[in-house]
Amino acid sequence: MENNTALKYLNPDWYKTPEGELIVQQLYCPNNNKVLKHFGILEHPSIAPGTREVVLKIGVLGKAGSGKTKTISVLSGKPTVFPGYIETIGIHVKNVYWPAQIQAKTCLFKLQFWESGESCSKRYNYISTACLEKSDAVAIVVNRADRTSLDYADSKLDSLIHSVVMLFVMDTDHDVQIHDQELSQYAKRKRLPFFYLPPHTLDLKYLAPFYNSLCDFVFSNQHKVIPDSL
Amino acid sequence: MAYLTCQSLSGLPLFIRRKGDIPPLPFPLVASLNGVYTYTKTQGAELENTCSENTFVVWKEYHDTYMLCIVATDTSLTTVHLKHILDLVSHTMVFYLGLEELVNVKNIERLKKDLKVCYPLIDTILDGLNPKEDLEEFCDLTDYTDVLSCPERSTFEGILNCFAESVGTVFGCLRVRSKVAAATPNWWTLDSVELLQIQLLLSNERYDTGIDIPIYLPVRSPKIPFRLVQWKLTQNSDVCLLCGPTPSLADLEKEVKRFWRSAFALLKSAESCYPANIPSDITLDKNVLSYLVMNTEKRRSLSSLSPHTTSGDVHSHLTSVRKRDILRTFYKTIVGTMIDLPGSTQTGSEDSSQVSKEVFMNFEYYSLHALVSDVYLILVLYPSGLHNHYLRSITRTTLKILTHEKNCKW
């Protein structure tokens, strides 16, 4: 259950340093350190002057019902979603901040997840265009409890013109239909990185490695470095 | 606790929702609820409602196409309010799917599947029967827009009008703490039900930074969709627009930043009006534990569960949630039965001459007073032990401050 990417630029433990901790603390609500803050677009965590902000737009795709909304909710610190499956209507954007150190310089990553429902996107053409246009990466959600979500990824890969594509893998406790080995072989064949969703995002121990890997991967691609492990 | 069923007039069930920890409605019972309604119709009559000792049942037909039925066990509810809930649910269906898809049904299974997108909003409406802790607004009950009065209002209106014009729309509003702090003149021309649907939808999407959702306006545009766009400006304020096909959500983000960046300090200052929801230099009588004022002409309401932000009130043994529930129950008990909204043509009571302009209710731990004056209805929660004539005097002064004070515009 390891992601298949190695960090190229990011210092994986920087968030534990006093400087890192200072920013990470601001990501949580002041009166409840288990709830992530939802920043508006006019604000961001306060950072030292001169800190570079790296904005990354990530378009999220996946088969209808594969768990795109759940994935993004988990990643943005709101793990509970509407019980039962409800098709998402329209476009939903969630911003998440993550601080990191790259080549000894502090960077504040602003990850913008753009998500939309599959059926609604078919009904209104503008939706998928808006989600993928000028995005820095595309994430396809693969649910290990649903084989067809991988088939969807496969078919989507052919039509996607985007060069930076990755898989977000949702784990499941029961009835695993896509096994570890199969997934890694698939990813290797397609030269795709995959990231397992952290099981508990409220715990930094799980959240930090996920965001470190994700930011590192997208950042590396923007700097034209292909990770060795692929 | 409540069940809500929706059936096509040909008798096919479209969906069933339930509120509370109750077992699913058995199919024969669903069929009977439909059967008794249909039978009455064949006899040339219309069955509107019925009740048993603790249960109310209300039926209503919409667009000659489908019928909604609610079964509720809550003694504080009247048929007026249950009918209102059914209307809201029907508007929600049009809001998401458009009238065309509901009326010209080509494939009933497809419609059933499409209707699922309405579930979260329908559940929010049913939640209004027994609201969650974090709900502070009264819009689902009153149909009016919840507003916040802040000294920065006219500046915000100026920015909002310029911003809306530059992105090519006339419908825009700025919300602070989920309450409207400023809006374009055209925003207020939208029908109450449309404003309410938008408010309820936004309350369900509060964790998103930005949204772009195709919706239909149930009254103004039931057949042609608009885009409902919202960008969160700060943690507690957001700007919301109704747009046509352009500009894109990403372009709107740039424009939002361009117009609103300079207003950041003002937004923070306006946010500090919460939870009193009025400018901080306005102080109300300490006995006012919470209030709801409705302007029936403008269809807006101003309310606060904690009107004394800094000094605290005299009886803090009531929590905000408790105060909200008391006010909501008071509203449901009196409006449409004991008291009518000013200018209201529909009266729930049998003889309108018996409808009063004022209601007092005194309980062991608190008192309630409702007063109709001019275009306003005000509901105030007081501690117990005060004389009614004293309550009346405070209510009148409070209403005057909240509606005539120069700094308290809304």
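The structure presented is a predicted model; accordingly, all values stated were derived computationally and were not measured. Naming: A, B, ... by sequence-line order, numbering from 1 per chain.
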Seminar exercise, completed: What one should report as the nearest heavy-atom pair of B:R220 and B:F171 is NH1-CZ, 3.6 Å
Name the region of [X], side chain, backbone, both or neither, that has any atom closer than 4.5 Å to a heavy atom of chain A.
X: B:P225; result: side chain
X: B:W231; result: side chain
X: B:L267; result: side chain

Can [X] and [Y] be counted as having a side-chain donor-acceptor contact under 3.5 angstrom?
X: B:E137; Y: B:S203; answer: no
X: A:T51; Y: A:T106; answer: no
X: B:D212; Y: A:Y126; answer: yes

Problem set entry | The single option from B:I125, B:D140, B:I122 passing side-chain contact (heavy atoms from CB on, under 4.5 Å) against B:I85 | B:I125
For this session: Tell me, out of A:K134, A:E115, A:K57, A:R123, who's got the most heavy-atom pairs with chain B below 4.5 Å.
Result: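 Of the candidates given, the most pairs with chain B belong to A:R123.
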Problem set entry | Top contributor to chain B interface from A:I127, A:T88, A:N95 [non-hydrogen pairs under 4.5 Å] | A:N95
Problem set entry | Structural part of A:F39 lying under 4.5 Å from a heavy atom of chain B |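 For A:F39, the contact with chain B is made by the backbone alone.
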For this session: Output yes when a side-chain donor or acceptor of B:S269 lies under 3.5 Å from a complementary backbone atom of B:A265, and no otherwise.
Result: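 Pair absent, no side-chain N/O of B:S269 close to backbone of B:A265.
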Exercise. What option among B:R206, B:Q230, B:K257 has the most heavy-atom pairs under 4.5 Å with chain A?
Worked result: B:K257
